[in-house]
Amino acid sequence: MYDALTTRYTFPCPARGETRVRLSAFRALDRLPGADHPAVFHVLFDCPCGDEHPGLVSDAELDWAPLGLTEERFLNLMTSRFQEAAEEMADLAVRRILAGEWPWSFYCYPESRPRPVFPSSFFLLAPGDGSIGLAVRCPACSRISVNLVSPEHVDLPFHNDREVGVVRHVLDGDAEGMVEEFRGELESGRFDARRLDLD
Ligand SMILES: [Zn+2]
Ligand SMILES: [Zn+2]
């Protein structure tokens, strides 16, 4: 489902049968009620065929697979050399996290500070002019901030933009209202620049 070597998720596509997209092609993530282990997310993504499709991903695929920390499933058909590479990658990810580096981060507007985060806290994404508008539900304060980031900031673990755009507004209200609010804020172009250094 997620391939760490190409950093892409595989989903069914009604036009092509199967399609592969990066996390930055996701448009909305919605955690399904119930299942906890694993938690399952209903996602919408922009497909290379030109349409938006729904898909399902687990929290492990969102948060751990990009770090190489995944079930052995996708290694089954590969050689032991690939298995070693995946283990090394996971090892390295763990060492970097222990050393205080975080694979993903965002700027929490209501708390006025950068925070470490996992992609399962991403909520809405919108492509802009070479950048991605990203709504994140803060794992610490539960409020939703909107950042303007590079696609790499989303797609590549440990690639944190040094500086991100931050909307001076917290998204609240119901799910539908928030999508409208999110679009409105991105169109307004009112962003402050904030540094993402976590120390
Ligand atoms: Zn498609
Ligand atoms: Zn917060």
Side-chain angles (χ1 to χ4, degrees), residues 1-3 6-31 39-59 61-63 97 100-127 132-149 151 153-155 157-158 160-175 177-179 181-182 184-186 190-199:
M1 171 70 161
Y2 181 84
D3 179 357
T6 59
T7 66
R8 281 175 170 81
Y9 291 86
T10 305
F11 287 113
C13 161
R16 302 177 170 194
E18 200 174 83
T19 189
R20 292 146 67 83
V21 297
R22 290 201 149 127
L23 185 55
S24 57
F26 287 22
R27 294 294 163 254
L29 293 86
D30 190 19
R31 190 183 164 141
V40 177
F41 289 76
H42 178 261
V43 304
L44 280 177
F45 64 93
D46 244 353
C47 182
C49 80
D51 267 339
E52 224 173 59
H53 311 307
L56 293 174
V57 285
S58 71
D59 54 354
E61 280 161 337
L62 284 171
D63 296 345
I97 291 170
E101 271 187 82
W102 203 257
W104 294 273
S105 60
F106 79 109
Y107 193 89
C108 178
Y109 173 69
E111 295 187 282
S112 302
R113 56 167 294 178
R115 285 268 186 208
V117 74
F118 275 111
S120 56
S121 294
F122 296 169
F123 173 53
L124 294 168
L125 296 91
I132 302 281
L134 176 66
V136 184
R137 193 184 303 274
C138 179
C141 74
S142 303
R143 283 174 292 176
I144 299 171
S145 299
V146 180
N147 287 184
L148 201 63
V149 302
H153 179 87
V154 171
D155 292 327
F158 299 107
N160 289 293
D161 291 349
R162 292 183 66 85
E163 204 171 84
V164 298
V166 180
V167 167
R168 276 169 275 159
H169 181 76
V170 177
L171 296 192
D172 50 18
D174 59 26
M178 262 192 282
V179 173
E181 241 182 297
F182 176 60
E185 287 300 331
L186 289 177
R190 287 190 304 260
F191 292 95
D192 291 338
R194 289 284 182 272
R195 294 184 66 84
L196 271 189
D197 309 306
L198 283 168
D199 33 69

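Start at 1 and go down the list; that is how both ligands and their atoms are numbered. Count residues from 1 along the sequence.
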inquiry  = For Tyr9 and Phe26, I'd like to know if the aromatic rings sit close, meaning centre-to-centre distance below 6.0 Å.
reply    =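 That pair passes the under 6.0 Å test.
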
Inter-residue atom distance Arg162.CZ - Arg195.CZ, 0.5 Å rounding =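 Rounded to the nearest 0.5 Å, the CZ-CZ separation comes to 5.0 Å.
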
task = To the nearest 0.5 angstrom, please state how far the OG atom of Ser105 sits from the CZ atom of Arg115.
result =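 Nearest 0.5 Å value for the OG-CZ distance: 12.0 Å.
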
Below 4.5 Å, heavy atoms only, C-beta onward: do [X] and [Y] meet side chain to side chain?
X      : Y      : answer
Val167 : Leu148 : no
Cys49  : Thr19  : no
Leu44  : Asp30  : no
Arg20  : Phe11  : no

Tally, protein N/O/S atoms nearer to the Zn ion (ligand 1) than 2.8 Å =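 Step by step: take the Zn ion (ligand 1), keep protein N, O, S below 2.8 Å, and you get 4.
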
ask   = Among pairs that include at least one residue of residues 40-56, which meet side-chain hydrogen bond (donor to acceptor under 3.5 Å, both in side chains), considering only residues two or more places apart or in two chains?
value =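 Pairs touching residues 40-56 that pass the test: Arg27-Asp46.
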
task = Mind checking how many protein N/O/S atoms fall short of 2.8 Å from the Zn ion (ligand 2)?
result =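 If we list every protein N, O or S atom nearer than 2.8 Å to the Zn ion (ligand 2), we get 4.
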
Which atom pairs, donor and acceptor, lie under 3.5 Å between side-chain atoms of residues 134-144 and protein residues at least two apart or in another chain?
none

